[in-house]
Enquirer: 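Could you have a look at this structure, given as structure tokens, before my questions?
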Amino acid sequence: PASGEASVTMADWTYGEKAKAPVPASDTHGTTNVTYHYTGTTASGVQYDSPEIPTDAGDYTVTATFAATTNYEEAKAQADFTIAKKDVMATWSGLAQVYDTTEPVQAMLSGVVSGDNVSAVVAEAGQTAGSYDLTATLTGAESANYTLKNGTATLTIQPKPVIFAVTDNVAEADGNVKHADVAADDDKCTSYTVTYQQNGNEVASPKEAGSYEIWVEITDSNYRHTGG
């Protein structure tokens, strides 16, 4: 028998879509009696070798075997095809926070095929006031089939507002230095300095009769004055 001619093509598709079918062609063998075998590598690096059409994202080759006929011997043809990763998006939450709060940063996925085990894990960031670049990565049994399109975000932690209460701020002039008691409404805010001013000038040791302005400067960047 002669060798004959045969070919096969197979279109690409994206993970989660309906799989494409191989398209055989042969003027010598016809296309009635053709079998297929698939080989390749999945997106997670697993070798694939099966007569079943693959479903995971990856790069593959289909081998079509055209059965021998009276006039022609068995023929084989191959074609490469790709199952592309599916794009997913993350809805970020918890990106605007205030110091000393416990709201978690989350990236919730949309576009995941129903039933797939895929989620986004956000790397830990700083906990003090400031801005931090965050990265989310996909995890789960089917995560290799997906591409996260917005896997980065910025976390902003604002300083916590505090109010200072002043007590014992009325005293009788007796020649001794006087100081008022100043305390923040958050007992964790302990880094601040208290100074006194009179007529626009700082007074280090107020002891003369008169009125003095009390100034509080917060030296811990995790806190700020309420309204300021």
Side-chain angles (χ1 to χ4, degrees), residues 12-17 40-48 54-60 82-167 180-195 202 214-228:
D12 300 334
W13 70 94
T14 298
Y15 176 78
E17 296 178 347
T41 305
T42 69
S44 60
V46 176
Q47 295 300 306
Y48 189 84
T55 57
D56 286 330
D59 295 314
Y60 303 95
T82 296
I83 304 176
K85 294 185 178 186
K86 188 178 191 300
D87 291 343
V88 291
M89 298 291 292
T91 299
W92 290 82
S93 62
L95 295 178
Q97 299 192 20
V98 175
Y99 174 72
D100 200 30
T101 60
T102 58
E103 181 182 3
V105 176
Q106 294 181 318
M108 303 301 293
L109 299 178
S110 59
V112 175
V113 174
S114 178
D116 276 4
N117 177 14
V118 182
S119 59
V121 176
V122 181
E124 287 190 24
Q127 298 180 340
T128 56
S131 294
Y132 304 91
D133 293 330
L134 302 181
T135 300
T137 55
L138 298 178
T139 186
E142 286 79 32
S143 60
N145 293 311
Y146 296 90
T147 297
L148 181 56
K149 298 300 291 182
N150 60 332
T152 59
T154 300
L155 166 65
T156 301
I157 302 177
Q158 299 286 353
K160 184 178 181 179
V162 293
I163 297 175
F164 287 88
V166 178
T167 57
D181 289 333
V182 179
D185 61 355
D186 185 332
D187 57 10
K188 295 180 183 178
C189 179
T190 58
S191 297
Y192 55 87
T193 58
V194 178
T195 57
E202 183 174 333
I214 301 173
W215 289 71
V216 180
E217 180 183 2
I218 300 173
T219 55
D220 184 341
S221 60
N222 291 311
Y223 294 91
R224 66 173 177 83
H225 287 285
T226 298

Enquirer: Starting at CG of N150, measure out to CG of L109 and round the result to the nearest 0.5 Å.
Expert: 9.0 Å
Enquirer: With heavy-atom distances below 4.5 Å as the criterion, would you say the side chains of T154 and D133 are in contact?
Expert: yes
Enquirer: Give me the atom names and distance for the closest heavy-atom approach of A107 to A136.
Expert: CB-CB, 4.3 Å
Enquirer: Is V118 close to T139 at the side-chain level, that is, under 4.5 Å between some pair of heavy atoms?
Expert: no
Enquirer: Among side-chain atoms of D100 and Y223, is any donor-acceptor pair under 3.5 angstrom?
Expert: no
Enquirer: Knowing that exactly one of D186, T101, N222 qualifies, which makes a side-chain contact (heavy atoms from CB on, under 4.5 Å) with K160?
Expert: D186
Enquirer: List the atom of A43, the atom of K85, and the distance in Å for their closest heavy-atom pair.
Expert: CB-CE, 3.7 Å
Enquirer: Taking the side chain as every heavy atom from C-beta outward, state whether P159 and Y99 have any pair of such atoms under 4.5 Å apart.
Expert: no
Enquirer: Distance-only, no hydrogens or angles: does the H225 side chain make a donor-acceptor pair with backbone N or O of E217 under 3.5 Å?
Expert: no
Enquirer: How long is the gap from CG on D56 to OH on Y48, to the nearest 0.5 Å?
Expert: 8.5 Å
Enquirer: Rounded to the nearest 0.5 Å, what separation is found between the OG1 atom of T167 and the CG atom of D181?
Expert: 4.0 Å
Enquirer: Given the side-chain rings of Y192 and F164, with only the six-membered ring counted for Trp, is the space between their centroids under 6.0 Å?
Expert: yes
Enquirer: Please tell me if the side chains of V182 and I214 come closer than 4.5 Å, counting only heavy atoms from C-beta onward.
Expert: yes
Enquirer: So, the side chain of Q97 versus the backbone of E103: is there a donor-acceptor pair under 3.5 Å, distance only?
Expert: yes
Enquirer: Heavy atoms only: give me the nearest T14-K86 pair and the separation to one decimal.
Expert: CG2-CA, 3.8 Å
Enquirer: Which value, rounded to the nearest 0.5 Å, describes the distance between Q127 atom CD and L155 atom CG?
Expert: 10.0 Å
Enquirer: Closest heavy-atom contact between Y132 and A125?
Expert: CB-CB, 4.0 Å
Enquirer: Checking N117 side chain against G140 main chain: does a donor-acceptor pair fall under 3.5 Å?
Expert: no
Enquirer: If you measure only the distance, is there a donor-acceptor pair under 3.5 Å linking the side chains of D59 and T41?
Expert: no
Enquirer: When rounded to the nearest 0.5 angstrom, what is the spacing between OH in Y15 and CG in D87?
Expert: 14.0 Å
Enquirer: Tell me whether W92 contacts the main-chain N or O of G151 through its side chain, where contact means a donor paired with an acceptor under 3.5 Å.
Expert: no
Enquirer: Assess the residue pair I83 and T42 against the criterion (side chain to side chain contact (heavy atoms under 4.5 Å, CB included)); give the C-alpha distance rounded to whole Å, side-chain angles, the decisive distance to 0.1 Å, and a yes or no.
Expert: CA-CA 9 Å; I83 304 176; T42 69; over 6 Å; no
Enquirer: Where do D116 and Y146 land on the side chain to side chain contact (heavy atoms under 4.5 Å, CB included) test, with the steps shown first?
Expert: CA-CA 11 Å; D116 276 4; Y146 296 90; 2.5 Å; yes
Enquirer: Do the non-hydrogen side-chain atoms of I218 and V162 ever get within less than 4.5 Å of each other?
Expert: yes
Enquirer: Where the side chain of T156 meets the backbone of A96, is there a donor-acceptor pair that is under 3.5 Å apart?
Expert: no
Enquirer: Is a side-chain N or O of D185 found less than 3.5 angstrom from the main chain of I163, in a donor-acceptor match?
Expert: yes
Enquirer: Which heavy-atom pair separates V98 from I157 by the least distance, and what is that distance?
Expert: C-CG2, 4.0 Å
Enquirer: Decide yes or no for K149 and T147: does some side-chain heavy atom of the first lie under 4.5 Å from some side-chain heavy atom of the second?
Expert: yes
Enquirer: Among N145, L148, V112, find the residue that satisfies the side-chain contact (heavy atoms from CB on, under 4.5 Å) test when tested with L138.
Expert: L148
Enquirer: Drop me the distance from T82's OG1 to D12's CG, to the nearest 0.5 angstrom.
Expert: 4.5 Å
